Amino acid sequence: MQSPLQIQTSLKENILDSENQNIKMQIENLSIFYRDFRAVANVSMTIYAKKIVAIIGPSGCGKSTLLRSFNRMNDLVSGSHIEGQVYLDGEPLYERNVDVVDVRRRIGMVFQRPNPFPKSIYDNVAYGPRLYGVNRKSDLDEIVERSLKQAALWDEVKNKLHQSGLSISGGQQQRLCIARAIAVQPEVILMDEPASALDPISTLKIEELMHEIVKDYTIIIVTHNMQQAARVSNYTAMMMIDEQRAGRMIEFNDTNIIFTNPKDKRTEDYVTGRFG
Amino acid sequence: MNRFSARRQNWRKVINIVMLSFTGLATLLVVTPLIWIIGYVIREGLPAINLQFFTELPTPVGVSGGGIANALVGSLMTVSLGLIIAVPVGTLAGVYAATHPDQPLGTLLRFGTDVISGVPSIVMGIFAYTLIVLPQRHFSAFSGGIVLAFIMVPTIVRSTEEMIRLVPNSLREGSLALGAAEWKTSLSVILPAALNGVITGVMLAIARAAGEAAPMLFTAFGNPFMNTDFNQPVSTLPHMIFVYAIAPYDDWRAKAWATALVLITLVLLLNVAARLLVWWRGRLFKSLK
Amino acid sequence: MNAELHKDQSSFGARVRNAWQHGDRLYRLLLTVAALLVMILVIGIGYELWQNSALSRQAFGWKFLITSDWDPALNETFGALPFILGTLITSFIALLAAIPLGIGTAIFLAELAPDWLREPLGFLVELLAAVPSVVYGLWGLFVYIPVFVRPSAEFLNKSLGFLPLFEGPVFGPSRLAAGLLLAIMVFPTITAISRDVFRAIPNSQREAAMAMGATRWEMIYQVLIPYGTSGLLGAIILGLGRALGETIAVTMVIGNNLDLSASLLRPGYTMASIIANEFTEATFDLYLNALIEIGLILFAMTLLINIIARLLIWRVSQRTKAEVRA
């Protein structure tokens, strides 16, 4: 991946500068609060379509909180609110008339621990399409097969589609959750440390799978594993906690630059393992 | 997004709002009877309450005045006897259940406690009848107290067990590490820490036992006169309400409401107090952790 | 622990003496005795009921369960069918009303109510369980029946009177009255346990559904309820257990009549209420034995129900534990 980026002072301009890329999401001066506590402060970033963006940083720096604000999952936590704005295809997500349910259809999510429903593998994948009114058997069959194939799980489960989603291994469960997320053909997929509960082989499979599906989807992944970020992502955002215990994005750039030539001393310390 | 799916989206939202409102409505409906009952008991019972009501014996139909002194004494006797038996047995069994959770007897004990708390009180009454009344050939306050003990035991066992489980293990280990024997640890560290649990259980047990009318029908049996002999029948508050309520006289009915007011006040106060204790305990342990 | 400290006195006898000196053996013995006493109580109930219903069991055998002659005065024959049916019918009515409302309330308490409302509402539900059943009976007899049950019964009779189920004449005290009063009495049981079942469901399930774009109700209905099914069933069955055995309140509002019609609007009897009514009037041994046998049946039913319910609830907690570990 060649970097067209120049050394500039403003992060925002930095990214907007790159050419020939479609902007999928824009985060504008976003702060996230739990009651009075500011968990994430003034984050701005631009996310390009069909790229993988990694968010890295030490634990407790607000990576997951930031990620969960992109599909408004934080709304479920009582007392949480935001300042700033998130745009999807130029439309603001945090507005009174925005349909949260529709936002979450367009922006799917995969969680840290695999969380399949205690239903069959088939019903897990068909869950989303059914929500949106797909009920014909042949349509569902097709969606289930396509999604499982995209998630690189089809060959392993095609003979046991009606077994419980909990009966397969943890790595398979996580790929099932990815299949479930892509079954509704979202535009963006958020992944919250999707491999942290998995063994190295399963982790590798998930990473290969991300490379495969990024042809169709935009992916934002939170990870505490720097090698993983370096392996899979096109862009990397580095977060760090400030004196008020609020998470701040201290650097956002091309992944190669972050890992080879970071602008910020703290990033350099972190990616070279000198942090803390 | 086409028109069909837009319509479907709206439909989903309508269903969502309708069903969520239903759960709110259900909650309202469930809470209504409580307020209705308490309101009615106060409205109908309060006018008949005065000092004589607590100090006098019941009067025959048509004679004004009269009270529930006999039932107060009877309830006191049966509940006290029940407590004397149920508190030591229940507390010790609760400690056993909490400290031996994986042993066969521990598992059996928890299951047995569940079974006993599920046995209808009238069946408990039959049991006490065949055990005590039948051999003695007469009804008695004693047999009534025994039934109440049976009814109290599971509540005390469970609440003791739950509260002991809340005691941080570090406290227990701290005492054992100082060389204290197990029983000393239990008595001096765990039980005091779990004392609120035991007291909570006792209060809830009293509240439940004091309200039991069914098994009293053929154990304590009822007695319109003052009696303090455990070998003789006595009246209790709930039994009194039952007798007054099903009698076809208006002035008895008024006394049923008044007695109900006394009983429900007692029971609800015990419940509120138990609740406060649990809440207080919870905060204490939170601060410990 | 003590044994560790006194390794030098490692002979068996010394260790026993040592333990006795510290009082631990005695203490453990006391605990075990208390635990055994509780178990003896369970077994004792079954044994006494079995022994004291021998006359009736020998005289009528299994026929006791399926005949409806209850004639202590002339023929001295006894059959428990009307009471068994009465118990089942009233309990069924109770569950019919209490399941949707109880689970609905549980959902509200566990999933929707704002934090400041949860505790007070939960406490009110607990208080509902604490009201003595004789007070329910009193209120049922003089308030609930005239204000709510009787008008509903008359309405049912007018609109559906052609069905044997709603045949007239309409009485105040009736099977319907007992069922509807029982509904209020089993609410708290169903609500409290279902609420705990919902609370035990891991949050990841909620997140998975919400992140797929499910509405809150879709999440509850399609994910939480299927997830907690066995626990919810357990809650319902425990509610049933309470309804089956409830005595005084039912006795006060059911009318106590050996009516063999199918009508819900007429007075009837339940197993518990016949015992409450006739136990002290049982003038000869066979009569008393027959009543005790009804108690035995009631005991067996509640025992069975408790076992089933506990197994179901236990399964939920096991699964939740397994997932937390995974």
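Just so it is clear: chains get the letters A, B, ... in the order the sequence lines come, proteins before strands, and each one is counted from 1. Quick caveat: nothing in here was measured; it's all calculated off a predicted structure.
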When only pairs under 4.5 Å are counted, which of C:Ala209, C:Gly213, C:Ala214, C:Ser204 shares the most heavy-atom pairs with chain A?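 Looking at each of C:Ala209, C:Gly213, C:Ala214, C:Ser204 in turn, C:Gly213 comes out on top.
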Could I get the full list of salt bridge (Lys or Arg N to Asp or Glu O under 4.0 Å) partners for A:Asp75, not counting sequence neighbours? A:Arg72
Of the backbone (N, CA, C, O) and the side chain (C-beta and beyond), which part of A:Phe117 lies under 4.5 Å from a heavy atom of chain C, both, or neither? both
Using the side-chain contact (heavy atoms from CB on, under 4.5 Å) definition, which of the options C:Leu49, C:Val42, C:Ile43 pairs with C:Ile45? C:Leu49
Let me know if A:Leu190 has heavy atoms under 4.5 Å from chain C in its side chain, its backbone, both or neither.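 Neither part; nothing is under 4.5 Å.
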Any pair counted as salt bridge (charged side-chain N to carboxylate O under 4.0 Å, His left out), so long as it reaches residues 116-131 of chain A, sequence neighbours left out: A:Asp123-A:Arg130
Which atoms of C:Arg206 approach chain A - backbone, side chain, both or neither, heavy atom under 4.5 Å: neither
Residues A:Glu187 and A:Lys24 bridged, charged N to O under 4.0 Å: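 The answer is yes: the pair qualifies as a salt bridge.
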